[in-house]
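Quick caveat: nothing in here was measured; it's all calculated off a predicted structure. By convention in this document, chain letters (A, B, ...) are assigned in the order of the sequence lines, proteins followed by strands, and residues within each chain are numbered from 1.
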2 protein chains.
Amino acid sequence: MTGHDVAAHAGVSQSTVSLVLSGNPRARIGEATRERVLEAARELGYRPNLLARGLVQRRSFALGIVVSDLDNPFFTEVVSGAERVAAEADYGVLLGDAREIPAAEHVMRLAERQVDGVIVAGVGLDALPDETREGLNLVLVDEPSGVLPGVASDAAAAGRKAARHLLELGHTRLGFLGPASPAHTFRMRERGWVQALRQAGCTIPSAYLVRTSATVSGGQAGMRRLLSTDPRPTGVFCANDLVALGALKACAQAGVKVPGHISVVGCDDIEMARYVTPELTTILVPARGLGARAARLLLLTLDGRDTGALTGKALGVELVVRETTARRSI
Amino acid sequence: MTGHDVAAHAGVSQSTVSLVLSGNPRARIGEATRERVLEAARELGYRPNLLARGLVQRRSFALGIVVSDLDNPFFTEVVSGAERVAAEADYGVLLGDAREIPAAEHVMRLAERQVDGVIVAGVGLDALPDETREGLNLVLVDEPSGVLPGVASDAAAAGRKAARHLLELGHTRLGFLGPASPAHTFRMRERGWVQALRQAGCTIPSAYLVRTSATVSGGQAGMRRLLSTDPRPTGVFCANDLVALGALKACAQAGVKVPGHISVVGCDDIEMARYVTPELTTILVPARGLGARAARLLLLTLDGRDTGALTGKALGVELVVRETTARRSI
DNA sequence: TCGCTGCGCTCATACGTATTAGCAAATACG
DNA sequence: CGTATTTGCTAATACGTATGAGCGCAGCGA
């Protein structure tokens, strides 16, 4: 079922079929033949071959999205946001998960598939060698590089807001749970946290700064370490919600009451945060918004339009107070 | 950077480049020229254009996956499993989320992109009209149709195992929370549940069979209704884990102790089930396994290989006892 | 010396679409 | 009525790859 078949059926040439169906407005086509072609196409159930179109147009109208971990709900939200925008614009979305196959490899494969651009989330710039990305439209999510376009949340603000919230509740012994990651976002969350505490005249014993992997089990192990310090912190900020969930688990297992004995603040506001008991106080990072904005940025770039409105400033983050934080009781 | 460029650089024809790089084993190529071509390709950083290849081979080496709801962790796990298998086999994965755009529309778009096959999950056969799928390799996940190939979990067994578990704990007043969905999986989970109860001589008042949407808020609302019955059920089976999480939330808000006052069993075993407090007792449905098997089935079909081993029987489900179920106390 | 047989490579073409140049007929203009 | 101009369509080509047919050449036997 090709354009030639439609042409034959309508008694015109393939060129005419293409002109009619591409909807090129400045194409001069008689009303009668336009009707005949549309009718024939409908009758035959014609669907254009986008590979052929892509080949000649040198645009595939597809974009790729590579995430570091498809099991992390934060990234699936990013994907979800990007997919929505892309689909709305009639773009296809090719997915890559960097757990088994490195991000750089995914990017090259997507390039072979001639995607018009690639969104990369949760992957540092150092994991993407130059030769990987030459001649490719890349947008980084939450990894400001200065050299590549990207969208980001205000990670330092996330740390600051967590700190201020706990400080306002009267807490002064404050712990941090997060990965020793080169990822910009994690570094900035930590930096914002530390700076806000310093500014408030709060000292930070090194035992209160615990390194863990950015996963639930990491948070669990990290919180165990934190609970074994003496005196314990009365408030903890976790670098992301998965870590916070692990921390809550560790508290429950150790018989430590949240928020009675210790207050916990997460970061991301994944959906799960609302469903655990007690509900997690966290910093909302608009994951879906980041994905959507990344896709929009890419699409604007491809159309050669102005992208200033999207690259300008970071997406705001917001404190969401739920049940894991309370005024210091002792 | 095309095969012609590599050819010019190596002093051979484009055909030769193709023969060398396609690695066609029965191609007769001299060792010297093979080396020259490989060297040239490496030097120029040549990457073949898969659109062109797909056009001539009439195979894109890509497959599509359409899910009903990308925010449901169960489906992201299905996607994750399929992506892994596909990537391993050098296939691309095109993603479609059926919340904004109907599944049938996604399938047609994927067909235009010439995917070699499509995996559809969480979507009933009735949502896919015949003309949508003609000439297309479809695999349905958890929606046995008899007419299309598919992979499925043993949904009736899920219902039965939930029932037996609660019966063994001494519960006799048993409620069900689930959608009035045409989806085969939900129907079978319910049927297995009902049959096992009947078989045990357990009557099921219609007030104990509550219809809700298959979401957290649906489960929350449903559980509220169930808690207002008199006498209350002492055990509840939820059609999936999201519903169960909502049910737990409703209990917490109503001051009803789980599992002290009421036992709750979910279905799917999404990751979240382990992180809520109390941890959710549930029926493990191997989502990632389903996705992986669907992808393998598709790949085997495309290679014209035998698929008997994969289509034969449903994937087993398994009771995972955690903390939301306990022996009937009163 | 002359066929004959593999070997190693190239030529030509096809895949299905978009697009430019151009042709014939119709229309407008002086 | 003759000449521009516009209208409506087609022919031809390109996109980058795979692949079957075919060609020159070396080696080999007679």
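For residues 67-105 of chain A, the pairs satisfying ring-ring contact (aromatic ring centres under 6.0 Å, His included) are A:F61-A:Y91, with sequence neighbours left out. Sorted by first and then second residue, the salt bridge (charged side-chain N to carboxylate O under 4.0 Å, His left out) pairs involving residues 292-313 of chain B (not counting sequence neighbours) are B:R59-B:D303. For residues 45-58 of chain A, the pairs satisfying side chain to side chain donor-acceptor pair (under 3.5 Å) are A:R47-B:E112, with sequence neighbours left out. Sorted by first and then second residue, the side chain to side chain donor-acceptor pair (under 3.5 Å) pairs involving residues 99-110 of chain B (not counting sequence neighbours) are A:S80-B:R99, A:R84-B:E100, A:D90-B:R109, B:D69-B:R99, B:D71-B:R99, B:D97-B:R99, B:E105-B:R109. Residue pairs that meet the ring-ring contact (aromatic ring centres under 6.0 Å, His included) test with at least one member in residues 119-141 of chain B, sequence neighbours left out, do not exist here. Residue pairs meeting the salt bridge (charged side-chain N to carboxylate O under 4.0 Å, His left out) criterion with at least one member in residues 123-136 of chain B, sequence neighbours excluded, are B:D130-B:R133.
Taking five base pairs at each end of the helix from C:dT1-D:dA30 to C:dG30-D:dC1 and finding the rotation axis that steps the C1' atoms of four pairs onto the next four gives two axes whose angle is 60°, to the nearest 10°.
The side-chain hydrogen bond (donor to acceptor under 3.5 Å, both in side chains) check on A:E271 picks up A:Y275, with sequence neighbours excluded.
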Practice item. Quick one, give me the B/S/- string for nucleotides 8-17 of chain D, reading 5' to 3', where B means a protein heavy atom under 4.0 Å from the base and S means that only happens at the primed atoms, P, OP1 or OP2. Key: BBBBB--BBB

